[in-house]
There are 2 protein chains.
Amino acid sequence: MYKPLFDHIEKFIVLEPSEIDKLESTLTLSKIKKKEHVLEEGQICSTIYFIIKGCIRQYIINSKGAEQTLQFGIENWWITDYLSYHNHIPSSFYLQAVENTEVIAIEKTVLEALLIEIPSLERYFRIVSQKTFGAMQMRIKFLFTMSAEERYHHFNDHFPEFVQRVPQYMIASYLDFSAEFMSKIRAGKV
Amino acid sequence: MYKPLFDHIEKFIVLEPSEIDKLESTLTLSKIKKKEHVLEEGQICSTIYFIIKGCIRQYIINSKGAEQTLQFGIENWWITDYLSYHNHIPSSFYLQAVENTEVIAIEKTVLEALLIEIPSLERYFRIVSQKTFGAMQMRIKFLFTMSAEERYHHFNDHFPEFVQRVPQYMIASYLDFSAEFMSKIRAGKV
DNA sequence: CGAATTTCTTGAAGTAGTTCAAGTTTTTAC
DNA sequence: GTAAAAACTTGAACTACTTCAAGAAATTCG
């Protein structure tokens with residue numbers, strides 16, 4: 001049931017059997033229905049989510065009242081608002097299930113205790129976080145150097161199944177252009 | 001001499017005296033001259049830099065041959081290409097000193113050994129990396145929701161000394177608009 | 001199933017930015 | 001201190017995208 005998380009952890013570190021037991025006894029699985037929020041703007045985010053199945057997006061509502069997706073999380077990704085989580089300040093973001101989703105939700109206090117009991121988890125989270133940061137650096141690069149059309153094709157080439165999986169207007173805003181323009185790109189009218 | 005780093009580490013974790021000694025004996029200070037590179041596109045990045053004094057920027061050369069600054073690092077920041085570092089793949093970026101800069105440069109092999117000898121450093125790097133990731137999430141938000149003029153004023157309000165410190169064209173590209181447009185914003189001609 | 005809702009498409013008009021080219025000012029380096 | 005290089009400014013022409021409005025298609029759900 002928590003196998004995807006253990007598999008992911010074991011890509012980076014080795015856990016003792018006793019640590020596996022400890023971890024297993026602490027975790028709980030939650031189900032989030034499509035469109036349900038696990039975080040809303042203004043709330044303090046004190047939970048970190050590991051996605052077992054489904055998809056969660058981080059989005060904001062911009063000054064024109066439109067939703068803008070900033071990030072997607074899918075299977076085997078951690079997602080949270082790290083700034084709100086670490087600094088204990090109100091979040092600027094929404095976290096919402098794009099599909100019916102199953103997550104392991106870990107409260108900050110629970111995770112802090114786990115990290116003290118299983119110090120090698122610090123290493124796991126350090127590596128995962130640095131790798132995710134590296135991916136974000138590339139994302140900034142793509143946003144800065146590619147045209148809207150290039151960004152669409154690049155994303156579509158790398159994640160074709162994902163493009164089928166979520167509404168196009170979410171992908172459009174994630175790639176920083178309008179849903180209408182995406183429609184025109186897809187139709188070859190640009 | 002390494003005090004800024006120890007001060008920074010001690011904001012997040014407690015080190016034993018023996019660990020301080022160990023760390024101190026491992027570190028070396030390097031000086032990087034203005035405009036000198038510590039990483040060039042295509043190289044594999046196997047070093048992580050802590051900036052004691054000065055400024056380093058991460059930039060790319062876009063398809064039109066123009067430099068585009070993606071990130072700045074100043075005093076008390078760690079900077080590297082995390083994707084190249086972790087995945088051992090050629091970097092997409094340049095890392096260049098914007099001013100004469102002093103850094104603690106730690107080789108990956110040295111850092112790996114240190115992390116084994118001083119496990120609590122895992123915790124330090126985990127926290128720093130997650131916080132930096134949180135800051136990057138906000139950066140994406142600003143890029144997505146503010147106009148060029150808003151981004152300029154926001155940045156100028158938050159980092160007025162920094163805006164004085166580095167060439168304007170680097171800030172313009174960091175904020176994702178042209179140097180000419182920045183000139184017009186500053187002159188109030190927009 | 002059928003109604004309601006959500007998502008996608010299309011064209012026309014508008015605009016926030018870029019690009020180019022040339023001149024001016026500031027900084028660097030011998 | 002002065003020549004060269006780097007950084008900044010300005011205006012005019014252009015363009016990659018947005019916005020709006022309306023209709024069509026697909027999906028959801030009682």
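Proteins come first, then strands; the chains are lettered A, B, ... in the order of their sequence lines, and each starts at number 1.
The side chain of B:Ala187 lies closest to D:dT10, out of D:dT10, C:dT7, D:dT18. Here the side chain of B:Lys184 is nearest to one of D:dC8, D:dA12, C:dT7, namely D:dA12. The side chain of B:Arg186 lies closest to D:dT9, out of C:dG17, C:dT9, D:dT9. Nearest nucleotide to the side chain of A:Ser178, out of C:dC8, D:dT9, D:dT19: D:dT19. Listed nucleotides: D:dA6, D:dC17, D:dC8. Nearest to the side chain of B:Pro167: D:dC8. Ranking D:dG11, C:dT7, D:dC8 by closeness to the B:Tyr169 side chain, first place goes to D:dC8.
At the heavy-atom level, B:Phe177 lies under 4.0 Å from the strands shown only through sugar-phosphate atoms.
Taking the charged nitrogens against the carboxylate oxygens, A:Glu75 and A:Lys53 have no contact shorter than 4.0 Å, which rules out a salt bridge. Using a 4.0 Å cut-off between charged nitrogen and carboxylate oxygen, B:Arg57 and B:Glu67 count as a salt-bridge pair. Ion pairing of A:Glu122 with B:Arg126 is present here, as a side-chain N (NZ or NE/NH1/NH2) and a carboxylate O approach within less than 4.0 Å.
At least one donor-acceptor pair closer than 3.5 Å links the side chain of B:Lys108 to the backbone N or O of B:Tyr85.
Rounded to whole Å, the distance from CZ on B:Arg151 to P on C:dG17 is 7 Å. Nucleotide C:dA16 holds its P atom 11 Å from the CD atom of B:Glu150, rounded to whole Å. As rounded to whole Å, 11 Å separates atom P of D:dC8 from atom CD of B:Gln164. The nearest whole Å value for the distance from the CD1 atom in A:Ile171 to the P atom in C:dT7 is 13 Å. Atom pair A:Tyr152:OH and C:dC8:C1' shows a separation of 12 Å (rounding to whole Å applied). In this structure, the CE atom of A:Met182 is 16 Å from the C1' atom of D:dT18, given to the nearest Å. Between B:Phe181 atom CZ and D:dA16 atom P the separation is 17 Å, expressed in whole Å. Atoms NZ (B:Lys189) and C1' (D:dA12) sit 13 Å apart, rounded to a whole Å.
In this structure, B:Phe133 and A:Thr132 have side chains that are in contact, with non-hydrogen atoms separated by less than 4.5 Å.
Donor-acceptor pairing under 3.5 Å is lacking for the side chains of B:Thr145 and A:Asn62.
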Which protein N or O atoms sit under 3.5 Å from an N or O of nucleotides 21-30 of chain D?
{"unit_1": "D:dT28", "atom_1": "OP1", "unit_2": "A:Lys34", "atom_2": "NZ", "d": "3.3"}

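To the nearest 0.5 Å, atoms CD (A:Gln58) and OG (A:Ser92) are separated by 9.0 Å.
Under 4.0 angstrom from either OP1 or OP2 of C:dT9 there lies at least one side-chain N or O belonging to A:Gln168.
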